[in-house]
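By convention in this document, chain letters (A, B, ...) are assigned in the order of the sequence lines, proteins followed by strands, and residues within each chain are numbered from 1.
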There are 2 protein chains.
Amino acid sequence: MTTRPHTGRRRNEAAREAVLDAAVRLFREDPDVTVAAIAAAAGVGKQTLYRWWPTKYAILLEAFIEMGRAVVPEPDTGTLDGDLTAFLTATFTRADEVAPLLRTLMAEAQRDPATLTTLQDFTDRRRAVLRGLLTRHGVGAEDAEAVLDQAYGVLWYRLLLDRPALTGEQAAAFAQRLLRQLKPAR
Amino acid sequence: MTTRPHTGRRRNEAAREAVLDAAVRLFREDPDVTVAAIAAAAGVGKQTLYRWWPTKYAILLEAFIEMGRAVVPEPDTGTLDGDLTAFLTATFTRADEVAPLLRTLMAEAQRDPATLTTLQDFTDRRRAVLRGLLTRHGVGAEDAEAVLDQAYGVLWYRLLLDRPALTGEQAAAFAQRLLRQLKPAR
DNA sequence: TACTTATCGAGACACAGAGTCTCGACAAGG
DNA sequence: CCTTGTCGAGACTCTGTGTCTCGATAAGTA
C-alpha cells in the first residue's frame, strides 16, 4: 500500500509552537490548567489541540522533550571523578527550573499508561547519557546500573516530595559517595 | 473557651471501617475510582464521606497509614550489616503489594498540598525508623541522611516508573553498596 | 482559474464526576 | 420527650473533557 500524497492545507507550525509555549507557561503555575485555557492563551481553537494531541499532558510532554534536547550535559574532564561530579552538579542544580513540569508529568504517568511509556523513554535516554559516561571510564555494568538508580532515584525522590534539590556542594559529595561504593575489583 | 460536651448521634465506626476498606480495595484496581463508587461499595451515602474526609485521596491516605502501622520492620541482628540488609530486603520485597496505592497517593500529592504534607509526614516516619537503625550502630548524621535519600529514592523511583521492585538478593547487594560508601572515618 | 482536501479559530453541545443540599429516619444524651 | 448530630439516599449545580459543526482559509491538482 503506497501512501497517498498529501493534499489540503498544511499544519500551522506557528500555532504548534504557540501551543507548546502556552502549555509550558501555564503548567508551570498551575498543574490543573484546563485545555480551554491553553487554547485561549495560544490563540487557538480547542479542536486544534485535540487534532494533534490526545491530552493536555501529551502537549506538555512534547514541549518538555523538545526543551530537554538542548540541555543534556556531557562533561569530558578526563577522569571518572571529574565527569561524574560535573554531571551530577549540573543535573541537580538545574532540576529546580523544571521541577513543576516534571512533577506534573510524573503524576499523570501514574494514571495514564501512554504518558508513563513516554516518560519512561525520556528517563531511559537520560540514563543512557550517564551510563555512557560511566562505562567510558570502565565502570562495570552492574555498578553502573546501581549508580543510575541511585542518582536518578534521589533526584526524583526529593523532587516529588518537594524537598530542595541538592546544591552544587551536596551533589559533589554525592558523587564521591557513589564512587566509593563501586566494586573494589575494578 | 471550654469545649461543649458532645450531643447527638455518634459516628458510626462500622461505616468508617467499611469506607476505608472499600477505598483501598477499589483504588487498588483503578486510580480513578469515583467517590460515588466508594460510597456505594461501602454501603454508605456520599455525604457521609464528605462529612469526614475532604477528598477520596484523604480516605485512601488514612486507610494506608492505619495499614502501615502494623508493618514497620525493625530488625535487631546485632550488626549494622545484618540490620540494614534485613530492613532493606523487607522493605523492597513488600513494596509490590502496596505499589498501586503509593503511586496514586504520590500522584495526588503533586496537585494537592494537603496530601503532600500528609505524605511527607508518612515518609518522614519511615525515614525515622531507618535513621534510628543507622545511628544506633554509630553511623554519622551526614552519612545517615545520604543513605536515607538513596534507599527511599531508589524505592520510589522504581515504583513510580513501574520498574520491578528489587528482589531480596538485589536489596541485599544494595545494602552492601550503601555500607561501602560510608565515610571511612567512622 | 476552478476544484479538492485538510487545516484553521470559534463556539455549541453532550457527558462525567466533584461537591452541595435536602429529606426522613435514627441514635444518643438531657 | 426534646435537642442534636449522624445515617443512607438522591436530587441538584458546577466545572472540565471531549465531540461536533460551522464558515474561512491555505495548499495542491486539473
Side-chain angles (χ1 to χ4, degrees), chain A residues 1-23 26-27 29-62 104-105 107-115, chain B residues 1-23 26-27 29-62 104-105 107-115:
Chain A
M1 171 192 172
T2 61
T3 56
R4 179 171 52 84
H6 187 278
T7 62
R9 184 177 182 172
R10 305 306 172 78
R11 179 174 187 178
N12 185 347
E13 181 62 22
R16 174 177 166 273
E17 287 168 13
V19 169
L20 295 182
D21 225 57
L26 297 182
F27 262 118
E29 317 176 336
D30 177 15
D32 293 318
V33 217
T34 66
V35 175
I38 297 175
V44 150
K46 261 175 53 177
Q47 185 61 33
T48 300
L49 268 61
Y50 283 109
R51 196 192 321 275
W52 302 108
W53 296 279
T55 69
K56 56 186 173 183
Y57 302 102
I59 302 175
L60 179 60
L61 202 40
E62 182 175 325
T104 299
L105 289 174
E108 176 61 13
Q110 304 310 311
R111 50 184 77 248
D112 175 38
T115 301
Chain B
M1 171 193 172
T2 61
T3 55
R4 177 171 54 84
H6 187 280
T7 62
R9 183 178 183 173
R10 306 304 172 79
R11 179 173 187 179
N12 184 348
E13 181 61 23
R16 174 179 167 273
E17 287 168 12
V19 170
L20 296 182
D21 224 58
L26 297 183
F27 262 118
E29 316 176 336
D30 177 15
D32 293 318
V33 215
T34 66
V35 175
I38 297 174
V44 151
K46 261 175 53 176
Q47 186 61 34
T48 300
L49 267 59
Y50 283 109
R51 195 189 326 272
W52 300 107
W53 296 278
T55 69
K56 56 186 173 183
Y57 302 103
I59 303 175
L60 179 59
L61 202 40
E62 182 175 325
T104 299
L105 289 174
E108 177 60 13
Q110 304 311 310
R111 50 185 75 248
D112 176 39
T115 302

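Between Thr48(A) and the phosphate of dG9(C), there is a side-chain N or O to OP1/OP2 separation shorter than 4.0 Å. Distances shown here put a side-chain N or O of Arg51(A) below 4.0 Å from the OP1 or OP2 atom of dC8(C). In terms of phosphate contacts, Arg10(A) brings no side-chain nitrogen or oxygen within less than 4.0 Å of OP1 or OP2 of dT5(C).
Counting non-hydrogen atoms under 4.0 angstrom, Trp52(B) reaches the backbone sugars and phosphates but no base.
Put simply, the side chain of Gln47(A) and the base of dC8(C) share no donor and acceptor less than 3.5 Å apart.
Distances from the side chain of Ala15(A) to the nucleotides dG9(C), dT4(D), dT5(C) place dG9(C) closest.
The separation between Tyr50(B) atom OH and dA9(D) atom C1' is 15 Å, rounded to whole Å. Note: CD1 (Ile38(B)) to C1' (dG8(D)) measures 17 Å, nearest angstrom. Whole-Å rounding puts the Glu13(A) CD to dA26(D) P distance at 17 Å. Taking atom CG of residue Asp32(B) and atom C1' of nucleotide dT17(D), one finds them 13 Å apart after rounding to whole Å. Per the geometry, CG belonging to Asn12(B) stands 10 Å off P belonging to dA28(C), to the nearest Å. Between the P atom of dT7(C) and the CG atom of Leu49(A) lies a distance of 14 Å, rounded to the nearest Å.
Taking OG1 of Thr104(B) as the start and CG of Leu60(B) as the end, the distance is 6.5 Å to the nearest 0.5 Å.
Along DNA chain C, the nucleotide nearest to Gly8(A) and the one nearest to Gly45(A) differ in position, and the one closer to the 5' end is contacted by Gly8(A). Nucleotides of DNA chain C nearest to Arg9(B) and Thr34(B) differ in position, and the one nearer the 5' end is that of Thr34(B). Each of Gly43(B) and Lys46(B) was matched to the nucleotide of DNA chain D holding its nearest heavy atom; the match closer to the 5' end belongs to Gly43(B).
The pair Arg16(B)-Glu62(B) meets the salt-bridge criterion, with a side-chain N (NZ, NE, NH1 or NH2) lying under 4.0 Å from an Asp/Glu carboxylate O.
With Trp53(A) as the aromatic partner, Arg11(A) meets the cation-pi criteria of under 6.0 angstrom to the ring centre and within 45 degrees of the ring axis.
Remark: side-chain polar atoms of Lys46(B) are not paired, donor with acceptor, to backbone N or O of Val35(B) under 3.5 angstrom.
Nearest heavy-atom pair, Asp112(A) versus Thr115(A), reported as atom, atom and distance to 0.1 Å: OD2-OG1, 2.6 Å.
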